[in-house]
Peer 1: 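Okay, handing you the structure first.
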Amino acid sequence: MGGVEAGRGKGRSGRSGRRVKAVNLTSWAYDLAEGLLADDLPKRWAHSQQVYKQSLELAPILGEDADLLAAAAIVHDVGYADSAKSTGQHMIDGGRYLQGLGADPRLCTLVALHTSSPWEAKELHLTDALDDFAPVASHLVDAITYCDLRSGPDGQPVEPSDRLNEVLDRYGPDHVVFRAVSAARPELLRMVQRVRERYAAVSVGDAL
């Protein structure tokens with residue numbers, strides 16, 4: 001990623017859409033997300049900050065991928081920003097926006113695939129669009145989904161089942177998100193459980 005260095009706030013990274021060079025991936029991603037969301041979509045920004053906090057707690061089970069997950073967590077909803085919208089499916093739009101900035105391909109994929117994206121893409125006939133993203137380890141998709149579902153819409157920590165109920169209540173049965181999340185729910189909760197089991201296994205190992 002060439003160009004200017006990243007700066008905090010809504011300045012050069014988030015608003016201009018120019019390619020950005022940063023000291024590390026998470027710092028660059030944080031500045032980008034803050035620039036795109038903090039002023040125009042403050043609730044999305046509050047939610048994203050909680051997703052980021054959740055990602056930091058998973059560092060013990062991620063090793064060298066901890067920075068990648070933290071970056072994905074803070075930018076996972078940038079597809080809601082007006083400058084990132086293309087298809088209207090915010091996960092795909094966010095991934096494409098990051099691709100346009102020359103971001104790490106795995107970062108782009110985690111944003112494109114997080115939570116109920118494949119189910120929503122199917123509803124919107126956008127499944128082929130997900131083929132444009134590089135492969136990424138399934139445990140990382142589990143991790144970003146776990147962090148998203150542990151974070152409420154106003155930035156408070158929540159239980160994943162409660163978060164899913166909130167989404168369904170907010171959108172209602174006639175909305176594509178309701179249909180996608182309803183179909184995805186069993187697998188999403190399995191993803192959460194896999195992350196919790198990995199974390200528990202690491203914690204037990206540390207205690208031995």
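Computed over heavy atoms, backbone and side chain alike; hydrogens, waters and symmetry mates excluded.
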Peer 1: Using every non-hydrogen atom in the two residues, find where T115 and L188 come nearest and quote the distance to one decimal.
Peer 2: O-CD2, 3.6 Å
Peer 1: Hey, are R163 and E166 close enough for a salt bridge, meaning a charged N less than 4.0 Å from a carboxylate O?
Peer 2: yes
Peer 1: Would you tell me whether D77 and S48 have side-chain atoms, one donor and one acceptor, within less than 3.5 Å of each other?
Peer 2: no
Peer 1: Say whether N165 and R185, considering side chains only, have a donor N or O and an acceptor N or O under 3.5 Å apart.
Peer 2: yes
Peer 1: Do H114 and V141 have side chains that get closer than 4.5 Å, going by heavy atoms?
Peer 2: no
Peer 1: Taking all non-hydrogen atoms of both residues, which atom of A70 and which atom of T26 are closest, and how far apart?
Peer 2: CB-OG1, 3.7 Å
Peer 1: Would you please name every residue forming a ring pair (Phe, Tyr, Trp, His ring centres under 6.0 Å) with Y80, sequence neighbours left out?
Peer 2: H90
Peer 1: Is any side-chain heavy atom of M91 closer than 4.5 Å to a side-chain heavy atom of S116?
Peer 2: yes
Peer 1: In Å and rounded to the nearest 0.5 Å, what is the CG to CG distance from D82 to L36?
Peer 2: 10.0 Å
Peer 1: Testing the 3.5 Å rule here: is there a donor-acceptor pair between the side chains of S27 and N24?
Peer 2: yes
Peer 1: I'd like to check P42 versus H47 (side-chain heavy atoms, cut-off strictly below 4.5 Å). Are they in contact?
Peer 2: no
Peer 1: Side-chain contact test, heavy atoms from C-beta onward, threshold under 4.5 Å: evaluate it for E120 versus V177 and give yes or no.
Peer 2: yes
Peer 1: Kindly determine whether S83 and Y97 satisfy side chain to side chain contact (heavy atoms under 4.5 Å, CB included), including the steps that lead there.
Peer 2: CA-CA 8 Å; S83 58; Y97 184 79; 4.2 Å; yes
Peer 1: Do you know the tightest heavy-atom contact between S117 and L130?
Peer 2: OG-CD2, 4.0 Å
Peer 1: Do the non-hydrogen side-chain atoms of R196 and Y146 ever get within less than 4.5 Å of each other?
Peer 2: yes
Peer 1: Output yes when a side-chain donor or acceptor of Q50 lies under 3.5 Å from a complementary backbone atom of G155, and no otherwise.
Peer 2: yes
Peer 1: Mind checking the CD1-OG spacing from I92 to S86? Nearest 0.5 Å is all I need.
Peer 2: 8.0 Å
Peer 1: Which atoms form the tightest heavy-atom contact between P60 and V202, and what is the distance?
Peer 2: O-CG1, 4.0 Å
Peer 1: Checking R150 side chain against V51 main chain: does a donor-acceptor pair fall under 3.5 Å?
Peer 2: no
Peer 1: Side-chain contact, heavy-atom cut-off 4.5 Å: R106 with D65?
Peer 2: yes
Peer 1: Find the distance between CG (L58) and NE2 (H139) and round it off to the nearest 0.5 Å.
Peer 2: 10.5 Å
Peer 1: Where do V111 and G95 come nearest, in terms of heavy atoms and distance?
Peer 2: CG1-N, 3.6 Å
Peer 1: About how many Å separate CG of L189 and CG of L149, when rounded to the nearest 0.5 Å?
Peer 2: 7.5 Å
Peer 1: Which is it for V195 and I61 under the side chain to side chain contact (heavy atoms under 4.5 Å, CB included) test, yes or no, and what are the steps along the way?
Peer 2: CA-CA 9 Å; V195 172; I61 67 172; 4.3 Å; yes
Peer 1: Might you point out which heavy atoms bring P186 and S182 nearest each other, and give the distance in Å?
Peer 2: CD-O, 4.0 Å
Peer 1: Give me the one residue out of T145, D104, I144 that meets side chain to side chain contact (heavy atoms under 4.5 Å, CB included) with L110.
Peer 2: I144
Peer 1: Evaluate the side-chain proximity of W119 to V181: yes if any heavy-atom separation is below 4.5 Å, no if none is.
Peer 2: no
Peer 1: Could you grab the distance from atom OG of S138 to atom CZ of R194, nearest 0.5 Å is fine?
Peer 2: 7.0 Å
Peer 1: Is it the case that the side chain of H76 and the backbone of A73 share a donor-acceptor pair, with hydrogens and angles ignored and the cut-off at 3.5 Å?
Peer 2: yes
Peer 1: Salt bridge (Lys or Arg N to Asp or Glu O under 4.0 Å) between D93 and K85: does it pass, once the steps are laid out?
Peer 2: CA-CA 6 Å; D93 291 350; K85 290 178 180 177; over 6 Å; no
Peer 1: Have a look at L107 and tell me which of L101, V136, L68 forms a side chain to side chain contact (heavy atoms under 4.5 Å, CB included) with it.
Peer 2: L68
Peer 1: Using ring pair (Phe, Tyr, Trp, His ring centres under 6.0 Å) as the criterion, list what pairs up with Y52, not counting sequence neighbours.
Peer 2: Y30
Peer 1: Which distance, rounded to the nearest 0.5 Å, do you find between the SG of C108 and the CG of D132?
Peer 2: 11.5 Å
Peer 1: How about V158 and S151: do any of their side-chain heavy atoms sit closer than 4.5 Å?
Peer 2: no
Peer 1: Using side chain to side chain contact (heavy atoms under 4.5 Å, CB included), reason through F133 and L113 one step at a time and then give a plain yes or no.
Peer 2: CA-CA 9 Å; F133 295 93; L113 289 180; 6.0 Å; no
